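The structure presented is a predicted model; accordingly, all values stated were derived computationally and were not measured. As a basis for the values below, the full set of heavy atoms in this structure was taken, side chains included, without hydrogen atoms, waters or symmetry mates. Numbers here simply count residues along the sequence, with the first being 1.
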Amino acid sequence: MEHHDDTRSEVKVPHPHGTGAVVHDRRWTSDLYSSARCAAVLFGLLVLVDLAAGTLTWWRSALWLSLALLLFLVLVPARVSAGEGWLASRHLLRTRRVRTDRLVSVCPLDGVAKSLVLRDTLGARVEIDPEVLLRNPDLWLRLTEAARASETSGTLRSGATALHEWTERIDREAALMVFRASGLE
């Protein structure tokens, strides 16, 4: 017997079977280590200041440790992966997946932290950092190929212009990286 409540269940989109490997964010591990280092440095500095002041106790150490863990949880980056026709963003507690071959809208959000919001016909929504796409051309290639299919099929109703602008920007950045690497800058 099922239990029904008033919360909307998350739409689960399975990984499509067939050809094409899954592509992951290559710098996620180093970003995770950077988050851990920042939290460890904060903990170390707080303990050192407390030691220097002569006020370090076990409960203050526990407080500083919990503060450092909270910072780590805030800084942990989302793990972005993509396959043929889908893109997923995995956070600590849940994974959000969108069908990129059935996109309805692509919306860039500007602010303190820039992000790109993707929505599909199934109602799924993924918010990703555009820097992840800049650093990982394979992820960007998967997204643009499927987004073009959405645009061609007519499901992409909003954000095609924004997607084209991001394509130009990422292509420009990729060309600059190639020129820098080859010494032709």
Side-chain angles (χ1 to χ4, degrees), residues 2-36 69-171 173-174:
E2 286 185 46
H3 174 70
H4 295 284
D5 58 7
D6 60 349
T7 60
R8 181 178 166 254
S9 63
E10 185 176 335
V11 176
K12 301 282 185 187
V13 180
H15 292 281
H17 301 294
T19 62
V22 176
V23 180
H24 297 279
D25 180 5
R26 293 178 293 192
R27 288 192 43 197
W28 181 80
T29 307
S30 65
D31 290 346
L32 183 68
Y33 289 144
S34 294
S35 301
L69 286 174
L70 181 63
L71 176 67
F72 174 72
L73 292 176
V74 168
L75 293 178
V76 168
R79 177 139 192 179
V80 179
S81 58
E84 194 171 318
W86 60 271
L87 185 129
S89 176
R90 189 173 91 203
H91 295 275
L92 288 175
L93 299 177
R94 79 171 144 197
T95 300
R96 291 188 176 222
R97 187 169 296 135
V98 69
R99 291 296 307 244
T100 52
D101 56 350
R102 297 179 185 169
L103 286 177
V104 173
S105 71
V106 176
C107 180
L109 297 178
D110 292 329
V112 174
K114 294 183 188 291
S115 62
L116 196 60
V117 179
L118 308 171
R119 296 177 195 264
D120 68 8
T121 56
L122 302 172
R125 176 184 180 273
V126 170
E127 188 172 333
I128 59 172
D129 182 5
E131 289 298 318
V132 171
L133 299 173
L134 280 171
R135 295 186 316 231
N136 298 284
D138 294 338
L139 283 172
W140 177 248
L141 182 64
R142 293 286 176 130
L143 175 60
T144 56
E145 285 176 350
R148 276 192 214 112
S150 294
E151 193 174 5
T152 304
S153 68
T155 60
L156 184 61
R157 291 178 249 147
S158 159
T161 306
L163 190 62
H164 294 300
E165 289 171 0
W166 274 103
T167 302
E168 289 173 15
R169 179 179 175 210
I170 289 177
D171 288 345
E173 293 287 330

Quick one: list whatever passes salt bridge (charged side-chain N to carboxylate O under 4.0 Å, His left out) with Glu127, sequence neighbours left out.
Arg125
To the nearest 0.5 Å, how far apart are CD in Glu131 and CD in Glu173?
8.0 Å
Carboxylate-amine/guanidinium contact Asp25 Arg135, below 4.0 Å
yes
Gap between atom CZ of Arg79 and atom OG of Ser89 - 0.5 Å precision:
11.5 Å
Closest approach of Arg96 to Val126 (non-hydrogen atoms, all atoms of both residues)
O-CG2, 3.5 Å
Beyond-backbone contact of Glu145 with Leu141, side-chain heavy atoms, under 4.5 angstrom
yes
Of all heavy-atom pairs between Ala124 and Arg97, which one has the smallest distance, and what is that distance?
CB-O, 3.2 Å
Can you name the nearest heavy-atom pair linking Arg119 to Val98, along with the distance?
C-CG2, 4.0 Å
Partners meeting side chain to side chain contact (heavy atoms under 4.5 Å, CB included) with Ala149 (sequence neighbours left out):
none
Counting only N and O atoms by type, is there a donor-acceptor contact under 3.5 Å from the side chain of Ser150 to the main-chain atoms of Arg102?
yes
Between Pro130 and Trp166 the two heavy atoms that sit nearest each other are CB-CH2, 3.2 Å
Expected output: side-chain Thr100 to main-chain Trp86 donor-acceptor under 3.5 Å
yes
About how many Å separate OG1 of Thr144 and CG of Leu163, when rounded to the nearest 0.5 Å?
7.5 Å
Distance, nearest 0.5 Å, that separates CH2 of Trp28 from CG of Asn136
13.0 Å
Separation between SG of Cys107 and CG of Leu118, rounded to the nearest 0.5 Å
9.5 Å
dist Arg148:CZ -> Asp101:CG (nearest 0.5 Å) comes out at 14.0 Å
Val23 versus Leu139, closest heavy-atom pair with distance:
O-CD2, 3.5 Å
Any side-chain heavy-atom pair of Pro108 and Leu116 under 4.5 Å:
yes
For residues Arg169 and Leu134, determine if any side-chain heavy atom of one lies less than 4.5 Å from a side-chain heavy atom of the other.
yes
Please give me the minimum heavy-atom distance between Pro77 and Asp31, naming the atom from each residue.
CG-CB, 3.7 Å
